[in-house]
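Worksheet: one structure, shown below.
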Protein chains: 2
Amino acid sequence: MELKRAAEGEKGFEKVFAFLRERLLAGSLKPGDRLISERELATLLGVSRPIVREALRALTVLGIVEIRDRIGTVVTRPDVSVLNDFFTFALAQQADMLDDVMQARVAIECQAIRLACERANIADFERLQRTLAKIGETIDEADAGGMADFEFHRSIVTASHSETLTVLHGSMAGLLTHSHRSRRELVQAFPSMKTYLIDDHRRIFEAVIARDPERADATLRKHFAIGDEFRRRAVVGDLDKTSASR
Amino acid sequence: MELKRAAEGEKGFEKVFAFLRERLLAGSLKPGDRLISERELATLLGVSRPIVREALRALTVLGIVEIRDRIGTVVTRPDVSVLNDFFTFALAQQADMLDDVMQARVAIECQAIRLACERANIADFERLQRTLAKIGETIDEADAGGMADFEFHRSIVTASHSETLTVLHGSMAGLLTHSHRSRRELVQAFPSMKTYLIDDHRRIFEAVIARDPERADATLRKHFAIGDEFRRRAVVGDLDKTSASR
DNA sequence: GGTCTGATCTTGGTCAGACCAGTATGATAA
DNA sequence: TTATCATACTGGTCTGACCAAGATCAGACC
């Protein structure tokens with residue numbers, strides 16, 4: 001059997017990992033299933049328990065499996081946290097990747113809003129409306145304001161009813177949260193940004209309500225572009241063109 | 001120090017993982033660095049070696065470090081394979097996620113082509129031209145044709161010069177490769193699709209050359225939409241009205 | 001008879017020490 | 001100075017053991 005040969009050919013960790021991988025991919029191990037105990041797995045595959053634990057731990061960080069203390073190991077549904085971890089580490093080692101991640105976020109969100117225009121239901125509309133209102137209410141608070149902004153954009157993605165888009169967006173949005181907040185801090189100093197924030201989001205909302213993908217996409221893109229412009233000016237210290245003072 | 005408290009508060013695996021995570025995120029451990037040996041790490045953190053190995057293995061599957069036999073553990077640059085693994089597992093357990101992943105791919109690629117219009121250089125143009133030509137040459141071969149198609153789209157993303165987009169696209173494109181190929185198999189049976197494939201890709205190429213983001217995005221979107229349409233018809237077994245379009 | 005309680009089995013979590021097989025290095029011999 | 005070889009590493013793995021706490025089931029109690 002090639003399966004057995006493969007299991008014998010690889011050693012230790014790889015053997016166990018491959019063994020479980022096959023079951024997972026083949027579908028014989030589905031979410032909710034309990035794996036056999038570590039000891040059984042060890043004797044079954046002819047390896048030691050520490051090795052088995054390595055493999056299980058590997059699957060754990062991949063979000064495939066969950067090790068429950070004194071209960072057993074169960075298969076879980078793939079989770080966002082993996083991507084989160086990945087992007088976190090990736091970003092830490094390449095700070096210049098931040099703009100890059102932002103691009104990816106724009107990509108996801110623009111696609112999401114198109115889908116949202118087609119698939120959003122009443123509940124989605126209501127959530128969008130709520131979060132939009134929240135943006136108006138919290139316009140003067142840095143933290144709450146940033147949160148509201150985040151929630152609004154997340155609602156858009158949720159309304160797309162696309163799990164993959166939601167997952168990807170969620171994993172990146174976390175990293176970009178502080179960027180949201182830093183933008184919000186600018187708002188405090190420069191009231192003229194308020195109109196930008198409120199009006200822009202409202203226009204986006206209206207486009208979704210109108211179920212107009214093209215307009216929604218374009219409006220959202222413009223929204224991001226303007227946000228970029230603000231940040232660019234902030235770097236140069238040239239924020240006066242919006243109001244006065246400095 | 002909270003750092004020490006955290007290290008003491010958590011146990012075993014978490015302790016080691018958190019310890020390394022901090023160094024990685026703080027930047028005191030950069031790609032290329034060699035970690036101290038497993039034994040040292042174990043005594044340093046007051047845990048056993050198997051536990052250290054669990055943590056190292058976890059970082060390995062996350063693509064953060066690489067364990068080299070009899071050499072040591074070195075920090076690597078985050079790799080695509082993690083996302084690949086994740087999507088593979090995720091897809092295996094939720095087959096209906098395929099269309100969803102396709103949506104994400106469209107999202108990434110449309111954003112990428114916009115960036116490509118701005119940032120592509122001569123080399124990118126040349127690669128696009130080569131892959132475009134390849135599509136024409138291999139139009140009658142299922143395998144080679146699918147590969148050429150894949151390469152063309154990949155070239156677009158590469159031309160965006162965005163690492164994140166490239167990584168995401170790469171991790172999803174693999175899963176969708178066979179979908180490409182199955183489409184190609186249809187080509188064999190229905191020659192009228194040839195014009196669609198060749199002309200569409202050429203139009204996309206021209207839009208990039210013209211450095212027109214809007215047109216490129218729109219053309220690419222249409223390309224995907226038509227592809228969807230073809231697949232839809234294939235399901236219904238109604239592939240004759242190809243040149244009609246909508 | 002039904003319910004509660006507790007001993008026992010099992011599970012994950014961890015440790016200590018050991019052996020192997022190669023690598024890297026430095027000391028010794030040519 | 002160079003070439004060779006012993007030794008001190010490294011990761012890779014195994015064995016066997018202990019702990020704490022959930023799971024289970026038998027026996028005691030109501």
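Note: hydrogens, waters and symmetry copies are ignored here, and every other heavy atom, side chains too, is used. Here is the naming used below: chain letters follow the sequence lines, and residue numbers restart at 1 for every chain.
In this structure, S160(A) has no side-chain hydrogen bond (donor to acceptor under 3.5 Å, both in side chains) partners at least two apart in sequence or on a different chain.
Residue E54(B) contributes atom CD, which lies 16 Å from atom P of dG11(D) at whole-angstrom precision. In this structure, F13(B) places its CZ atom 13 Å from P of dC15(C), rounding to the nearest Å. Between the CG atom of L45(B) and the P atom of dT14(C) there is a distance of 13 Å, given to the nearest Å. A straight line from CG of L41(A) to P of dC14(D) spans 13 Å, rounded to a whole angstrom.
Residues in residues 42-51 of chain A take part in these salt bridge (Lys or Arg N to Asp or Glu O under 4.0 Å) pairs, two or more places apart or across chains: E38(A)-R49(A).
Using a 4.0 Å heavy-atom cutoff across all strands shown, R34(B) reaches no nucleic acid atom at all.
The only option from E109(B), Q111(B), R154(B) that meets the side chain to side chain donor-acceptor pair (under 3.5 Å) definition with H169(B) turns out to be E109(B).
When atom types are taken as modelled, the side chain of T76(B) and the backbone of I64(B) share a donor-acceptor pair closer than 3.5 angstrom.
When both pairing distances are held under 3.5 Å, dC30(D) makes a Watson-Crick or G-U pair with dG1(C).
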Just the table, please: protein N/O against nucleotides 9-12 of chain C N/O, every pair under 3.5 Å.
from, atom 1, to, atom 2, distance (Å)
dG12(C), OP2, E38(A), N, 3.0
dG12(C), O4', R70(A), N, 3.2
dG12(C), N7, R39(A), NH2, 2.7
dG12(C), O6, R39(A), NH2, 2.9

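When the shell of 6.0 Å around CZ of R119(B) is examined, it contains more than 12 heavy atoms from other residues, nucleotides or ligands.
Under the 30°/60° scheme for interplanar angles, the aromatic rings of H223(A) and H153(A) are found to lie parallel.
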